[in-house]
Amino acid sequence: MVYFRIPKTWELPESTVTNQSAFWNRRQVLKTLFGASLLPLIGCAQEDTEHPPQLAGAHIVDLSAARNPAFAQVDRPTTNRAVAASYNNFYEFGGTKSIWQNAQALPLENWKVEVTGLVNKPRTYDVDTLKREFPLEERIYRFRCVEAWSMVLPWIGFPMNALIQAVEPTAQAKYVQFMSYYDTKVTPGPLLTGLLRPLPWPYTEGLRIEEMANELAFFALGIYGQTLPKQHGAPIRAVLPWKYGFKGAKSIVKIEFTDQQPATYWNTLVPAEYDFEANVNPRQPHPRWSQATERFIGAQSQLTWERKETLLFNGYAEYVARLYA
Ligand code: MTE
């Protein structure tokens with residue numbers, strides 16, 4: 001299936017928002033590495049393009065949580081909610097930023113998160129149990145994509161360290177892997193043909209245990225005072241504000257503690273471009289573009305951006321620099 005769309009009045013074409021090299025980066029890489037011929041990703045012909053993104057529905061309910069005063073504000077305005085919910089990366093549902101409609105196919109009923117591997121207390125949680133057992137809080141975090149765009153987002157969730165306390169990783173556990181939902185019947189992936197080898201689904205990401213235990217590391221179940229819209233990775237996703245956005249696996253179904261560094265999606269696909277650590281670093285350019293600045297998407301209800309200097313560890317050095325001394 002080829003998705004054609006006309007930009008909505010309140011957004012700009014993706015190609016004008018993202019600089020050309022970043023816009024094509026991952027698609028180009030997939031083509032180069034996998035011998036894929038790309039189908040057109042932009043165009044026209046979708047009828048109802050004037051609707052704002054899906055911000056209502058049975059799965060989107062209020063999720064109140066007190067704001068953690070330590071993370072109550074940053075030096076930039078919070079990104080407009082509708083813009084954040086219509087400019088997403090969720091490759092399971094396709095390779096464009098306009099993925100919110102496709103992502104509505106994600107089935108959230110009876111969602112389970114299996115916590116397994118090198119832990120004393122393995123456990124499978126449903127979403128209600130997560131909400132009941134882990135006190136929720138709100139945190140305003142900077143968010144920096146490796147493609148050099150950024151946002152400020154108000155997440156609701158709980159620190160990853162609380163899960164560590166609950167399941168008790170063993171002394172052998174050195175890493176953790178997060179695995180996203182994947183079902184070929186529901187998640188078609190990007191529009192590529194002629195792949196020489198399959199894409200490394202399901203989407204996985206990982207951390208060292210010390211990174212997971214850092215106070216910034218967060219599981220989000222909500223955003224903007226409500227449960228997560230599907231395109232943001234409902235019902236639970238990882239949020240790691242000092243790392244590039246691709247580290248934050250969406251729609252997590254499994255969390256596994258291991259003694260070996262786990263395979264991760266983008267690192268498996270293109271190790272030379274997406275390293276396991278993936279800390280935001282303005283001095284370390286991506287092989288094909290600079291990371292010195294970013295295009296910040298702020299409070300405006302139209303998709304607009306402002307050029308900002310990128311900060312080391314995305315501005316969170318005081319919390320995490322010691323992990324990388
Ligand atoms: N998680 C899954 N499962 N699939 C994805 O394609 N994309 C990542 C990350 N998590 C991705 C994912 C990337 S590249 C980014 S920048 C963020 O999600 C985007 O999050 P957002 O769409 O909520 O802003």
Side-chain angles (χ1 to χ4, degrees), residues 14 17-18 22-23 25-27 29-30 53-55 78-103 105-106 111 113 141-157 177-183 186-192 199-207 218-224 226-241 243-255 264-270 273-275 278 280 286 291 294-297 303 305 314:
E14 184 177 0
V17 174
T18 307
F23 176 63
N25 66 63
R26 293 190 181 155
R27 291 159 198 124
V29 159
L30 293 173
Q54 187 90 21
L55 291 173
T78 299
T79 299
N80 176 276
R81 185 184 186 203
V83 173
S86 57
Y87 190 77
N88 303 96
N89 278 329
F90 207 162
Y91 278 79
E92 286 88 333
F93 293 100
T96 76
K97 292 282 177 295
S98 307
I99 210 66
W100 66 266
Q101 280 156 306
N102 299 354
L106 182 72
W111 194 275
V113 183
Y141 275 163
R142 290 188 204 89
F143 183 87
R144 171 63 154 80
C145 180
V146 74
E147 296 162 349
W149 52 268
S150 66
M151 297 185 180
V152 167
L153 298 171
W155 302 105
I156 295 162
Q177 185 187 54
F178 307 108
M179 185 182 290
S180 297
Y181 174 90
Y182 182 68
D183 178 343
V186 180
T187 52
L191 301 164
L192 301 167
L199 298 176
W201 303 115
Y203 194 99
T204 52
E205 258 308 334
L207 295 172
F218 203 62
F219 286 118
L221 293 105
I223 191 167
Y224 297 97
Q226 296 197 301
T227 47
L228 289 173
K230 294 183 181 184
Q231 61 269 35
H232 278 304
I236 178 170
R237 68 172 291 168
V239 179
L240 302 154
K243 292 181 178 287
Y244 291 118
F246 69 86
K247 295 295 292 181
K250 295 181 169 185
S251 304
I252 294 171
V253 293
K254 188 170 167 188
I255 299 170
T264 60
Y265 185 83
W266 287 107
N267 183 249
T268 303
L269 209 48
V270 205
E273 300 203 351
Y274 306 103
D275 64 329
V280 176
H286 183 278
Q291 295 289 24
E294 62 204 48
R295 295 177 310 285
F296 174 62
I297 300 167
L303 183 52
W305 66 96
N314 204 21

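Numbers here are sequence positions counted from 1. In listed order, ligands and their atoms are each counted from 1.
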**OP:** For residues Leu55 and Tyr224, determine if any side-chain heavy atom of one lies less than 4.5 Å from a side-chain heavy atom of the other.
**Re:** no

**OP:** For the pair Tyr91 and Trp266, evaluate ring pair (Phe, Tyr, Trp, His ring centres under 6.0 Å) and give the outcome as yes or no after the intermediate values.
**Re:** CA-CA 11 Å; Tyr91 278 79; Trp266 287 107; 5.1 Å; yes

Subject >> The one among Tyr87, Tyr203, Phe178 that brings a heavy atom closest to atom 5 (C) of ligand 1 >> reply: Tyr203

Original post:
Side chain or backbone of Glu147 under 4.0 Å from ligand 1, or both, or neither, by non-hydrogen atoms?
Top reply: neither

Subject >> Contact (N/O only, under 3.5 Å) between Asn89 and ligand 1 >> reply: yes

Original post:
Would you say the side-chain atoms of Asn80 pair up with the backbone N or O of Ala82, donor to acceptor, closer than 3.5 Å?
Top reply: yes

Original post:
Is the shortest distance from a heavy atom of Phe143 to ligand 1 less than 4.0 Å?
Top reply: yes

Original post:
Do any N/O atoms on Trp155 end up under 3.5 angstrom from N/O atoms on ligand 1?
Top reply: no

Original post:
Within the structure, does Arg237 bring an N/O atom to less than 3.5 angstrom of an N/O atom in ligand 1?
Top reply: yes

Subject >> Check against salt bridge (charged side-chain N to carboxylate O under 4.0 Å, His left out), Glu147 and Lys97 >> reply: CA-CA 12 Å; Glu147 296 162 349; Lys97 292 282 177 295; 3.0 Å; yes

Original post:
For Phe246 and ligand 1, does the shortest N/O to N/O distance drop below 3.5 Å?
Top reply: no

Original post:
Any N or O on Trp149 sitting closer than 3.5 Å to an N or O of ligand 1?
Top reply: no

**OP:** Report yes or no: does Ser251 have a heavy atom closer than 4.0 Å to ligand 1?
**Re:** no

Original post:
Which of the atoms in ligand 1, numbered in the order shown and given with their element, are less than 4.0 Å from a heavy-atom of Cys145?
Top reply: 16 (S)

